[in-house]
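Source: prediction; values computed, not measured.
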Amino acid sequence: MSGPRPLGRRAFVIGTAATAGSAALAGPLAVNSQAASFGYTDDGSNYVIDTGALLVFKVSKTNGDLTSLVYRGTEYQGYGGMNSHVESGLGASTVTIAQSGSTILVSVTHGTLKHYYAARSGENNVYLWTNKADTSVSATRYIVRVKAGMFLNDEPDSYTYTTSTIEASDVFAKSDGQTRSKHYSKLRVIDYDYIGWTTGSVGLYVVRSNHEKASGGPFYRSLLRHQSADGGGLYEILYYGENQTEAQRFGLQGPYVIAFTDGGAPSSSLYHGNLTTSWADSLGISGYVAAGGRGRVAGVAITGRDTTSAYTVGIANSAAQYWGSARSSDGYFSIPGALPGTYTLTVFKGELAVYTTSVTVTAGGTTTLNTIAIPSSNDPSNASAIWRIGDWDGTPSGFKNAALMTYAHPSDPRAASWTGNVVIGSGSETSAFPCYLWKDVNSGIIVYFKLTAAQAAAAHTLRIGVTTAYANGRPQVVVNDTWTSAVPSPPTQPSTRSLTVGSYRGNNYTFSYSVPASAWLTDTSAYNTLKIYVASGSGSTSYLSAGTSVDALDLLA
């Protein structure tokens, strides 16, 4: 059989449960008639595992690297002399192998870190777990390295066809100026079940775990995949520090799955919400907690919702995180498979936290919550406003360039001009207002608005909500060139890049400014001006100058 043919844009695959209807079986039901060959051998340097289906893989006996992935007789693993492995490779490790009925388990121990590979008879899958116990080992990902030429594409996370580096060593521009980077995945964790590529006849995917030991919550974005002339990489991110809002969690993460198919999506039976691993209960995996040792949280309903917005409920503590979508009709939610413990439960409108409480999960039990009533004052959208730009949902959605910025650099030629002022009453207030503000790019943007005589006779509160900031960028305002606000203190935000690597998600924060009546124009036919500047003494230049992402802004009545 000849090797896979390179594809163009159609080779890009990031999957959700919505695509499962076209899935090609790759999970527990995908038993092949060749299952009698299931087993392993030792070639001296590697343990060689034959799944009894169409997949044979090798694990190094010295360092636990995945050194070979042969599917239908074709080698897919490796580029640049590098293997697939935890982080950039663990180094010298203790590696053992054992077979228990229809399961083979390879165990890798490197100091306090333990990593596992499992094969099931007749399946074209490799199941993986990683248990990071502390910071003594820098393990933040598992990367599946794929040979060059197997699944070429030209998508935002591909830099095969780029011609120049425009930021650091990881953001590139093509000859037409369109930007590419491994950071530009478009998706939040909650948005996908698997990542990978297909040629139409062969599919290679990583099906993600439930991320219970990851950090950042359901809306976190991190690199998922990359493609270059050297080869490609698929990632399961165990902890990622860029634009991170939470401390690192420790413990067993997984299973996540390397899955081969005949070109279709991986079986939905492998998705983290569907996968059952009772076959792993007795394998002795460090930190493993079977289904019976887990519990569920369910909510009867949520009232006080904005029915035009999607709501998500998350639970989190220092040891684990989980989430589930609230039903649009009544707000019912269910979060299964949680480790026992006490959690902070948060209700999100979009990505904006509007309610929190405490909840305790018990092993084998369901904690049922009565109707959650969101107080009206918890949603800033409920406040009466003279004018409002954007929606208070914890995201810059709807603002100029917001949709593009999750998969492109701000310098990308597809972006509309970052400058330009806004007129209240024009009908295009939100779409004309830039999603990001930078000290060195568009600081000083102007909002024009009129006030009635009664409105101009009173003091008003101006609110500006932000979702993250770079280099302590925060808004300072000037009204009618006569009243200037104090420079607000910077809220706690991630210290890494964000706005230029596809992420607006930090810590939502609202700046409030008490504008006195003396600042307003008394001529009701004249436009008042609100100038918004970015204040900060740090950052560098251009799109790496101090900046911030905007959620919404309004002038309260």
For this session: I would like to know whether V550 and I389 meet side chain to side chain contact (heavy atoms under 4.5 Å, CB included); could you show each step before the answer?
Result: CA-CA 10 Å; V550 182; I389 303 176; over 6 Å; no
How close do [X] and [Y] get, counting heavy atoms only, and between which atoms?
X: I374; Y: V354; result: CG2-O, 3.6 Å
X: S268; Y: N274; result: O-ND2, 2.8 Å
X: G196; Y: L234; result: CA-CD2, 3.7 Å
X: S215; Y: A247; result: OG-O, 2.8 Å
X: Y47; Y: V95; result: OH-O, 3.7 Å
X: L128; Y: V126; result: CD1-O, 3.3 Å

Exercise. Should the ring pair Y117 and F57 be called parallel, tilted or perpendicular, given that the plane angle runs from 0 to 90° and is split at 30 and 60?
Worked result: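 It falls in the tilted class, 30° to 60°.
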Exercise. After noting the C-alpha distance and the side-chain angles of S267 and S269, does the key distance pass the side-chain hydrogen bond (donor to acceptor under 3.5 Å, both in side chains) rule?
Worked result: CA-CA 5 Å; S267 170; S269 64; 2.7 Å; yes
Problem set entry | Any pair counted as salt bridge (charged side-chain N to carboxylate O under 4.0 Å, His left out), so long as it reaches residues 368-383, sequence neighbours left out |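 Non-adjacent pairs meeting salt bridge (charged side-chain N to carboxylate O under 4.0 Å, His left out): K349-D379.
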Exercise. Does any pair with a residue in residues 321-335 pass salt bridge (charged side-chain N to carboxylate O under 4.0 Å, His left out), and if so which ones, sequence neighbours excluded?
Worked result: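 For residues 321-335: R327-D330.
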Donor-acceptor side-chain pairing of [X] and [Y] below 3.5 angstrom:
X: T395; Y: D393; value: yes
X: T62; Y: S60; value: yes
X: E87; Y: T140; value: yes
X: Q77; Y: K58; value: no
X: T245; Y: R505; value: no
X: T467; Y: S549; value: yes
X: T366; Y: T368; value: no

Quick one: [atom1] on [X] to [atom2] on [Y], what's the gap to the nearest 0.5 Å?
X: L223; Y: S185; atom1: CG; atom2: OG; value: 7.5 Å
X: K186; Y: D157; atom1: NZ; atom2: CG; value: 9.0 Å
X: I315; Y: F333; atom1: CD1; atom2: CZ; value: 9.0 Å
X: S222; Y: H183; atom1: OG; atom2: NE2; value: 10.0 Å
X: L90; Y: H85; atom1: CG; atom2: NE2; value: 8.5 Å
X: T198; Y: F151; atom1: OG1; atom2: CZ; value: 7.0 Å

Is the backbone of [Y] close enough, under 3.5 Å, to the side chain of [X] for a donor and an acceptor to pair up by distance?
X: D554; Y: L556; result: no
X: R474; Y: P488; result: yes
X: R463; Y: S512; result: no
X: T277; Y: W279; result: no
X: Q321; Y: G314; result: no
X: R249; Y: A214; result: yes
X: T548; Y: A469; result: no
X: Y509; Y: T492; result: no
X: S93; Y: G91; result: yes

Please tell me if the side chains of [X] and [Y] come closer than 4.5 Å, counting only heavy atoms from C-beta onward.
X: Q99; Y: F38; result: yes
X: Y504; Y: T406; result: yes
X: N46; Y: S68; result: no
X: V144; Y: L69; result: yes
X: I258; Y: L204; result: yes
X: I302; Y: V313; result: yes
X: R141; Y: S88; result: yes

Exercise. Quick one: ring pair (Phe, Tyr, Trp, His ring centres under 6.0 Å) partners of F348, sequence neighbours excluded?
Worked result: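 Scan of F348 (ring pair (Phe, Tyr, Trp, His ring centres under 6.0 Å), adjacent residues dropped) gives F219.
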Exercise. Passes side chain to side chain contact (heavy atoms under 4.5 Å, CB included), H272 versus S209? Steps please.
Worked result: CA-CA 5 Å; H272 64 90; S209 70; 5.6 Å; no
For this session: Identify the residue among Y76, W197, Y205 that makes a ring pair (Phe, Tyr, Trp, His ring centres under 6.0 Å) with F260.
Result: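 Of the listed options, the one satisfying the test is Y76.
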For this session: Write out all pairs satisfying side-chain hydrogen bond (donor to acceptor under 3.5 Å, both in side chains) with one or both partners inside residues 309-318, taking only residues at least two apart or from two chains.
Result: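 Sorted pair list comes back empty.
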Problem set entry | Any residue meeting side chain to side chain donor-acceptor pair (under 3.5 Å) with R294, in chain and number order, not counting sequence neighbours |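 Only E212 meet the side chain to side chain donor-acceptor pair (under 3.5 Å) criterion with R294.
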For this session: Could you tell me which residues satisfy side chain to side chain donor-acceptor pair (under 3.5 Å) with Q244, sequence neighbours excluded, listed by chain and number?
Result: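 Checked Q244 against side chain to side chain donor-acceptor pair (under 3.5 Å); zero matches.
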Problem set entry | Test side-chain hydrogen bond (donor to acceptor under 3.5 Å, both in side chains) applied to T342 and T360, step by step | CA-CA 4 Å; T342 298; T360 298; 3.2 Å; yes
Problem set entry | K213 to F250 six-membered ring, cation-pi geometry met (6.0 Å, 45°) |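 Judged by the rule, K213 and F250 form no cation-pi pair.
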Exercise. On the ring face of Y127, is R120 found with NZ or CZ under 6.0 Å from the centre and within 45° of the axis?
Worked result: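 No cation-pi geometry.
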Exercise. Do H115 and Y142 have ring centroids that are under 6.0 Å from one another?
Worked result: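 Aromatic pair counts; centres sit under 6.0 Å.
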For this session: Run the ring-centre check on Y235 versus Y240 and record whether the distance is less than 6.0 Å.
Result: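 Between Y235 and Y240, the centre distance exceeds or equals 6.0 Å.
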Problem set entry | salt bridge (Lys or Arg N to Asp or Glu O under 4.0 Å) between R225 and E155, intermediate numbers included | CA-CA 10 Å; R225 190 185 70 166; E155 288 290 333; 5.7 Å; no
For this session: Starting from the C-alpha separation in whole Å, work towards a yes-or-no answer on side chain to side chain contact (heavy atoms under 4.5 Å, CB included) for L369 and L345.
Result: CA-CA 11 Å; L369 303 178; L345 180 148; 3.6 Å; yes
Exercise. More than 12 non-hydrogen atoms from neighbouring residues, nucleotides or ligands closer than 6.0 Å to CG on D42, yes or no?
Worked result: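 Yes - once you tally the heavy atoms of other residues, nucleotides and ligands closer than 6.0 Å, there are more than 12.
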Exercise. Does the side chain to side chain contact (heavy atoms under 4.5 Å, CB included) test come out yes or no for W392 and D551, once each step is laid out?
Worked result: CA-CA 6 Å; W392 291 93; D551 176 13; 3.7 Å; yes
